[in-house]
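Take a look at the structure set out below.
As the structure is a prediction and not an experimental result, all values here were calculated from the model. Excluded from the calculations below are hydrogen atoms, water molecules and symmetry mates; all remaining heavy atoms, backbone and side chain alike, are included.
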Amino acid sequence: MELTKEEESALKGEQGEIMQMAYRILVATGEATDADKLIPIEWAHLSGVNYNTIGDSGEEFLSGISKTARVKVKTTLNPMGFDIDNVSNYGLDDNFISKQLSIRKSYEAMGVIPSFSCIPYEIFDIPKEGTHVSFAESNAAIHANSFNNLKTNKESAFSALASAITGKSPYSLLRKEDSPNITIRMKVDNPNEMTYGMLGFFAGKVGNDSVNISGIEEMDRRSCKAMCGGMGTSGTCAKFLFGDGESNCEKVDFDKKEMNNIYDELNTAEKGDLITLGSPQLGLEEISDLTSKLKGRSFKKRCMIFCPRIVKDQAIKIGYTNELQRAGCEILADCCTCLTPLINKNNVDSVTTNSIKGAYYLKNSNGVDVNLKSISQIIKDETR
Amino acid sequence: MKKILVKGKTQGIILKSLNPINFLGTVDKQTGVISDKNHDLFDKSIKNCILVFPNGVGSSVGAYTIYSIKFNNVAPLAMICQKADLTVATGCALANIPLIIVNENEFSSFHTGQKILLDTESLNPITNI
């Protein structure tokens with residue numbers, strides 16, 4: 001990768017340790033993506049916020065760099081571990097809470113907007129078509145590339161942080177052109193959001209940087225998010241293109257058999273002790289839809305709903321939260337199902353969710369069993 | 001054809017996996033043990049080995065996991081992958097874990113238990129010892 005004189009000087013450490021670290025990360029990113037130069041980006045979205053995921057080493061690292069590091073472009077943030085409004089209900093220890101607040105403080109000191117959301121594409125204005133951004137959250141990167149006409153690598157937590165600090169990112173192949181070498185033919189009838197989640201999970205396993213998807217009808221927002229979440233979990237793939245692709249593309253079918261394989265891999269329980277909705281976090285539209293679907297019914301067991309703070313505030317104003325709380329829901333802002341410290345295998349055996357991404361991390365990281373069900377099935381089976 | 005993503009020199013014993021690794025969620029930060037029951041390295045620790053695997057997958061926060069296992073002294077001595085991905089590349093860059101990308105033939109020639117010297121500055125960066 002070619003660097004300008006100024007970039008070389010930063011890499012040598014002539015602009016301080018932080019810049020040197022950031023350029024070391026960008027150079028590794030550039031080599032990994034066969035980029036020939038660095039280009040400016042307008043928006044970085046960082047992962048690495050939840051204390052449950054980054055631990056003491058991450059907390060100390062951020063506290064250290066936050067003394068001098070400042071972001072150069074608009075920078076937003078992934079979810080953290082809890083909602084401060086109701087954290088006392090969940091028995092988290094004081095150490096977790098104070099370490100999480102330290103992480104928050106470090107990001108704020110660097111000038112990051114404390115959005116604590118994995119759906120930045122739904123709560124911030126989208127820049128004009130073709131704008132280069134650096135999104136670390138995997139579902140957000142895929143959503144930005146596939147549905148928002150933005151351009152990003154499937155950044156890592158560190159490559160996005162380096163982009164935030166320098167305002168630059170390597171000009172990788174993914175940023176330049178779309179040339180998937182594989183087309184996935186969607187062959188499952190009557191898909192719901194879980195089907196799309198599994199299609200994404202499958203696509204992530206078989207695709208490299210990007211894939212074509214054929215045979216897809218109009219999708220609602222919930223299904224788009226589910227597909228991006230599933231894909232981000234299983235692979236390195238960062239973009240869907242809709243259509244058949246070039247004639248020389250390898251064709252792979254996503255049929256009932258492939259879908260059932262994924263279902264059997266992720267569904268490990270007949271029923272759940274509690275329900276989680278939101279991985280990716282729910283937007284206002286999904287909360288509104290849930291409220292109207294409930295039609296006065298109540299959940300028979302605990303139901304945790306994860307959303308961004310701004311969505312929770314809007315839902316309070318409109319009155320959705322009243323209705324959801326009446327139905328027995330717990331509404332949590334700033335955090336997410338994925339890697340939540342609020343679900344613990346010591347007191348929960350299994351969780352019901354409609355999220356493929358959530359299922360993967362609940363199973364592998366939280367160590368609980370998962371019962372997969374679509375939102376309409378959840379309302380049918382789990383409410384009265 | 002080898003590509004050096006993170007420089008360094010070390011020697012050790014290869015632990016090879018044929019499955020991609022999702023560092024976040026499936027690698028224990030304190031012990032370096034892999035917790036995914038469907039993974040071919042399930043229940044094995046990646047501490048102090050030369051970890052050979054196709055590529056990283058999944059969450060971008062996996063880069064912090066790589067930094068954490070280094071910080072907790074349970075990281076591999078070096079990593080060798082077949083495909084470069086940003087989570088592994090940047091995690092290794094920040095943690096100073098040497099990382100080399102090799103082609104398919106070279107990848108298939110490695111096996112668990114093989115003792116190698118890895119030196120990214122050498123003309124032949126990977127040699128048997």
Side-chain angles (χ1 to χ4, degrees), chain A residues 21 24-34 45-50 53-58 60-62 78 135-141 153-162 170 172 204-205 208 232-238 265 268 338-339 357 360-367, chain B residues 2-7 19-30 34-39 42 54-75 79 81-101 120:
Chain A
M21 175 199 74
R24 206 169 76 216
I25 292 168
L26 290 181
V27 167
T29 307
E31 295 296 332
T33 54
D34 295 320
H45 180 80
L46 307 184
S47 63
V49 187
N50 185 346
T53 63
I54 68 171
D56 288 330
S57 50
E60 284 174 38
F61 167 74
L62 289 169
N78 243 13
F135 281 9
E137 164 56 34
S138 54
N139 100 79
N153 296 314
K154 187 168 180 265
E155 305 289 351
S156 83
F158 293 145
S159 69
L161 181 62
S172 60
K205 279 190 178 182
N208 282 318
T233 306
S234 64
T236 54
C237 212
E265 180 185 335
T268 54
C338 182
L339 282 307
K357 174 177 182 166
Y360 180 90
Y361 287 106
L362 282 166
K363 190 166 85 84
N364 288 305
S365 188
N366 296 53
Chain B
K2 295 181 183 65
K3 194 155 82 170
I4 311 297
L5 291 195
V6 183
K7 292 178 193 162
N19 300 143
I21 298 178
N22 189 335
F23 278 86
L24 178 71
T26 70
V27 177
D28 187 291
K29 291 195 290 285
Q30 305 299 329
I34 295 198
S35 67
D36 179 355
K37 288 195 180 95
N38 297 320
H39 201 275
F42 172 60
N55 57 279
V57 290
S59 170
S60 59
V61 192
Y64 271 97
T65 309
I66 293 173
Y67 178 74
S68 290
I69 55 178
K70 176 75 174 192
F71 188 89
N72 294 332
N73 296 314
V74 295
M79 299 194 202
C81 293
Q82 197 180 325
K83 193 168 104 180
D85 75 276
L86 297 192
T87 297
V88 173
T90 61
C92 286
L94 196 64
N96 270 322
I97 299 172
L99 172 62
I100 300 182
I101 307 300
T120 58

Any luck finding a side-chain donor-acceptor pair between A:Asn364 and B:Lys37 under 3.5 Å?
no
Contacting region of A:Ser234 [heavy-atom separation from chain B under 4.5 Å]:
backbone
Are A:Phe61 and B:Phe71 close enough that their ring centres sit under 6.0 Å apart?
no
What pair of heavy atoms forms the shortest contact from B:Ala84 to A:Ala32, and how long is it?
CB-O, 3.5 Å
Mind listing the closest non-hydrogen atom pair of A:Gly48 and B:Val61 along with its distance?
N-CG2, 3.7 Å
Please tell me whether A:Ser57 and B:Ser68 have a donor and an acceptor in their side chains that are separated by less than 3.5 angstrom.
yes
Under 30°, 30 to 60°, or over 60°: which ring-plane class applies to B:Tyr67 and A:Phe158, parallel, tilted or perpendicular?
perpendicular
Name the member of B:Asp85, B:Thr87, B:Leu5, B:Thr26 that forms the most heavy-atom pairs with chain A at distances under 4.5 Å.
B:Leu5
Whether the B:Ser60 and A:Ser47 side chains hold a donor-acceptor pair (N or O, under 3.5 Å, no angle test) is what I'd like checked.
yes
Over all atoms of both residues, closest heavy-atom pair of B:Leu24 and A:Tyr361
O-CE2, 3.6 Å
Closest-packed option against chain A by number of heavy-atom pairs under 4.5 Å, given B:Leu99, B:Asn55, B:Asn22:
B:Asn22
Taking side chain as everything from C-beta outward and backbone as N, CA, C, O, which of these in A:Glu137 sits under 4.5 Å from a heavy atom of chain B? Side chain, backbone, both or neither.
backbone
